[in-house]
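Working notes for the structure below.
Here, residue 1 is the first one in the sequence, and each next residue gets the next number. Since the structure is predicted, the reported quantities are computational estimates derived from the model, not experimental observations.
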Amino acid sequence: MSDTSDLLHTPLYALHLELGARMVPFAGYSMPVQYPMGLMQEHLHTRSAAGLFDVSHMGQMRLVGVDAAAALETLMPVDVVDLGVNKQRYGLLLNEEGGILDDLMFVNRDVANGGDLFVIVNGACKHEDLAHIQATIGALCHVNAQFDRALLALQGPQAVTALERILPGVEKLVFMTGAAFEWAGGDLYVTRSGYTGEDGFEISLPADIATDFARALLAQPEVKPVGLGARNSLRLEAGLCLYGQDIDTSTTPVQAGLNWAMQKVRRTGGARAGGFPGAERVLAQLDGTDPLMKKRVGLIAQERIPVREHVELQSMDGTVIGEVTSGLLGPNIDKPVAMGYVSPEHATMGTRINAIVRGKAVPMEVSAMPFVPNRYFRG
């Protein structure tokens, strides 16, 4: 991606340049990594007020048809069928070995009564995901890509204050619910969700009104633009995985500690147990009959030395036990934090291990995640 002429632009590209963003290649797009305020201040502003993120590179699609929920459920170890109207859920597309093809969010917009399942997948995976979904369940439901729509995330404790001035009624939403709105003649769908650990919203809207809507948000005193750099540090402090880094086809949901995303109805003994790719392996890992060889953990460095991805992890006796997948100096916790995979015997809270940074052993402690408490609005 060194030739920037090959990069795609989101509908907000010109606005990013106007705001002085530093643009970088990401998922095939030219995206803002930071603005003149700088990564640290963008991060702290999001935690204290409200940050506006352009996430239009992500893939939006609609699944339509009375069998759509049952069809999507065959691809994931997640309860799709029983999800209520305008309720949102986190999902995982798996391969036949139980490895994670992508993680995603989906909303039931009354699919049983002529609505749809609204699905948002990662930008770098969206074309492969679309092909996979069409190939596997395309005969059971209509799969409509909406890759031309914009997607904004407004995150932070004052996000609701700013957004309700523009979209009255949005304050009634609670975490992981959504609703349709209208603005400037365009159809919006807003969910109270995000990937920072803060209260906030994700807003799907037509490309032709995205810049005007973003300007309306940025005119609010609480809101500042925030780039991908702070989005990464915010999600890591919140203990949230980044696809392609912390989870991928070489990791299963159980190894990744995502057991909470797999509802009882899909587990062994549940009413709709199994029936998804890799079910035999994943369910065996869940009930312990297939012991894990690695496990995702949170780590806090005991010295002020940032520990980044691909750094080797060793036990105190020098045995290699794993690798860091994400790491940086957490702006709010003000300590170097990381997540990575270690052998299960070293995954207990409080276990001391070493990260090998440029030949130096940096002591780390296995710690609970999130590193900063989540502040989702549950009503």
Side-chain angles (χ1 to χ4, degrees), residues 26-27 43 46 53 55 57-59 75-78 88-95 97-106 119-126 128-129 153 155 175-176 193-198 200 202 228-263 278 282 285-286 292-300 307-311 313 322-328 330 332-333 336-342 344 347 349 355 364 366-374 376:
F26 186 80
H43 178 113
T46 303
F53 304 78
V55 287
H57 64 292
M58 299 183 78
L75 303 184
M76 305 193 295
V78 175
Q88 185 176 45
R89 185 161 279 166
Y90 177 77
L92 297 157
L93 290 174
L94 303 186
N95 64 20
E97 292 73 48
I100 302 169
L101 294 169
D102 199 8
D103 62 342
L104 55 85
M105 301 293 282
F106 65 99
V119 181
I120 300 177
V121 299
N122 283 300
C125 307
K126 65 185 180 183
E128 293 87 348
D129 289 351
Q155 298 285 291
F175 183 55
M176 297 296 270
S193 59
Y195 221 62
T196 62
E198 297 293 330
E202 291 175 304
L228 291 175
R231 184 171 169 83
N232 184 52
S233 56
L234 288 158
R235 69 89 195 165
L236 179 53
E237 278 192 340
L240 300 170
C241 294
L242 176 63
Y243 188 81
Q245 203 161 299
D246 306 301
I247 51 175
D248 57 28
T249 53
S250 73
T251 51
T252 68
V254 186
Q255 291 169 339
L258 299 174
N259 301 19
W260 57 267
M262 298 177 282
Q263 290 74 35
V282 171
Q285 288 183 344
L286 268 174
L292 297 182
M293 303 307 291
K294 63 179 182 180
K295 192 173 182 182
R296 182 173 66 96
V297 294
L299 299 163
I300 298 179
V307 178
R308 308 207 180 271
E309 58 265 28
H310 306 307
V311 164
L313 296 171
E323 184 179 89
V324 171
T325 54
S326 289
L328 44 72
N332 281 87
I333 192 174
V337 295
M339 63 173 75
Y341 286 84
V342 298
M349 298 300 165
M364 305 197 82
V366 176
S367 305
M369 294 184 285
F371 301 109
V372 172
N374 291 335
Y376 306 126

Inset, instruction - First locate atom CD of Gln285, then atom CG of Leu292, and finally report the distance between them rounded to the nearest 0.5 Å. - result: 5.0 Å
Legend entry - pair Tyr90-Met105: side-chain heavy atoms closer than 4.5 Å: yes
Legend entry - Donor-acceptor under 3.5 Å (Asn95 side chain, Glu97 main chain): yes
Legend entry - Shortest non-hydrogen contact between Val297 and Ala347, atoms and distance: CG1-CB, 3.7 Å
Inset, instruction - State, to 0.1 Å, how close Thr249 and Tyr243 come at their nearest heavy-atom pair, and which atoms those are. - result: N-OH, 3.7 Å
Inset, instruction - For side chain to side chain donor-acceptor pair (under 3.5 Å), just list the numbers for Glu198 and Thr46, CA-CA rounded to whole Å, side-chain angles, deciding distance to a tenth of an Å, and then say yes or no. - result: CA-CA 8 Å; Glu198 297 293 330; Thr46 303; over 6 Å; no
Legend entry - Minimum side-chain heavy-atom gap Val307-Met364 below 4.5 Å: yes
Inset, instruction - Answer whether the closest heavy-atom distance between the side chains of Val78 and Gln263 falls below 4.5 Å. - result: yes
Inset, instruction - Working to the nearest 0.5 Å, report the span between CE of Met262 and CG of Leu286. - result: 4.0 Å
Inset, instruction - State whether the side chain of Lys294 and the backbone N or O of Gly340 hold a donor-acceptor pair below 3.5 Å, judged by distance alone. - result: no
Inset, instruction - To the nearest 0.5 Å, tell me how far Glu128 CD sits from Asp102 CG. - result: 9.0 Å
Inset, instruction - Taking all non-hydrogen atoms of both residues into account, name the closest pair between His43 and Ala230 and its distance. - result: N-CB, 3.8 Å
Inset, instruction - Identify the two heavy atoms, one from Arg89 and one from Met176, that lie closest to each other, and give their separation to 0.1 Å. - result: CA-CE, 3.7 Å
Inset, instruction - With rounding to the nearest 0.5 Å, note down the distance linking CZ in Phe371 to CG in Leu236. - result: 6.0 Å
Legend entry - Side-chain heavy atoms of Leu101 within contact of Leu75, under 4.5 Å: no
Inset, instruction - Search all heavy atoms of Asn259 against all heavy atoms of Val254 and return the closest pair with its distance. - result: OD1-CA, 3.4 Å
Legend entry - Any donor-acceptor N/O pair, Gln245 side chain to Thr325 backbone, under 3.5 Å: yes
Inset, instruction - For Tyr195, enumerate each residue passing the ring pair (Phe, Tyr, Trp, His ring centres under 6.0 Å) test, keeping only those at least two apart in sequence or located in another chain. - result: none
Inset, instruction - Output the distance between atom CG (Asp103) and atom CD1 (Ile120), rounded to the nearest 0.5 Å. - result: 12.0 Å
Inset, instruction - May I ask you to test the Arg296-Leu258 pair for a side-chain heavy-atom distance under 4.5 Å? - result: yes
Inset, instruction - Classify the angle between the aromatic ring planes of Tyr376 and Phe175 as parallel (below 30°), tilted (30 to 60°) or perpendicular (above 60°). - result: parallel
Inset, instruction - From the options Leu94, Leu93, Thr252, select the one residue that forms a side chain to side chain contact (heavy atoms under 4.5 Å, CB included) with Ile100. - result: Leu94
Inset, instruction - Could you give me the CA-CA distance, side-chain angles and deciding distance for Val366 and Leu299, then say whether side chain to side chain contact (heavy atoms under 4.5 Å, CB included) is met? - result: CA-CA 5 Å; Val366 176; Leu299 299 163; 3.8 Å; yes
Inset, instruction - Search all heavy atoms of Ala238 against all heavy atoms of Thr196 and return the closest pair with its distance. - result: CB-O, 3.5 Å
Inset, instruction - Compare all side-chain heavy atoms of Met58 with those of Asn122 and state whether any distance is below 4.5 angstrom. - result: yes
Inset, instruction - To the nearest 0.5 angstrom, please state how far the CG atom of Asp248 sits from the SG atom of Cys125. - result: 10.0 Å
Inset, instruction - Indicate yes or no: at least one non-hydrogen side-chain atom of Arg231 is less than 4.5 angstrom from one of Val55. - result: yes
Inset, instruction - Would you please say whether a donor-acceptor pair under 3.5 Å links the side chains of Arg235 and Ser326? - result: yes
Legend entry - salt bridge (charged side-chain N to carboxylate O under 4.0 Å, His left out) partners of Glu237, counting only residues at least two apart: Arg47
Inset, instruction - Show your reasoning for whether side chain to side chain contact (heavy atoms under 4.5 Å, CB included) applies to Val119 and Asp129. - result: CA-CA 11 Å; Val119 181; Asp129 289 351; over 6 Å; no
Legend entry - Heavy atoms of other groups near Lys295 NZ, more than 12 under 6.0 Å: no
Legend entry - Candidate pair Val324 and His310, rule side chain to side chain contact (heavy atoms under 4.5 Å, CB included), full reasoning: CA-CA 5 Å; Val324 171; His310 306 307; over 6 Å; no
Legend entry - Side-chain heavy atoms of Leu104 within contact of Met76, under 4.5 Å: yes
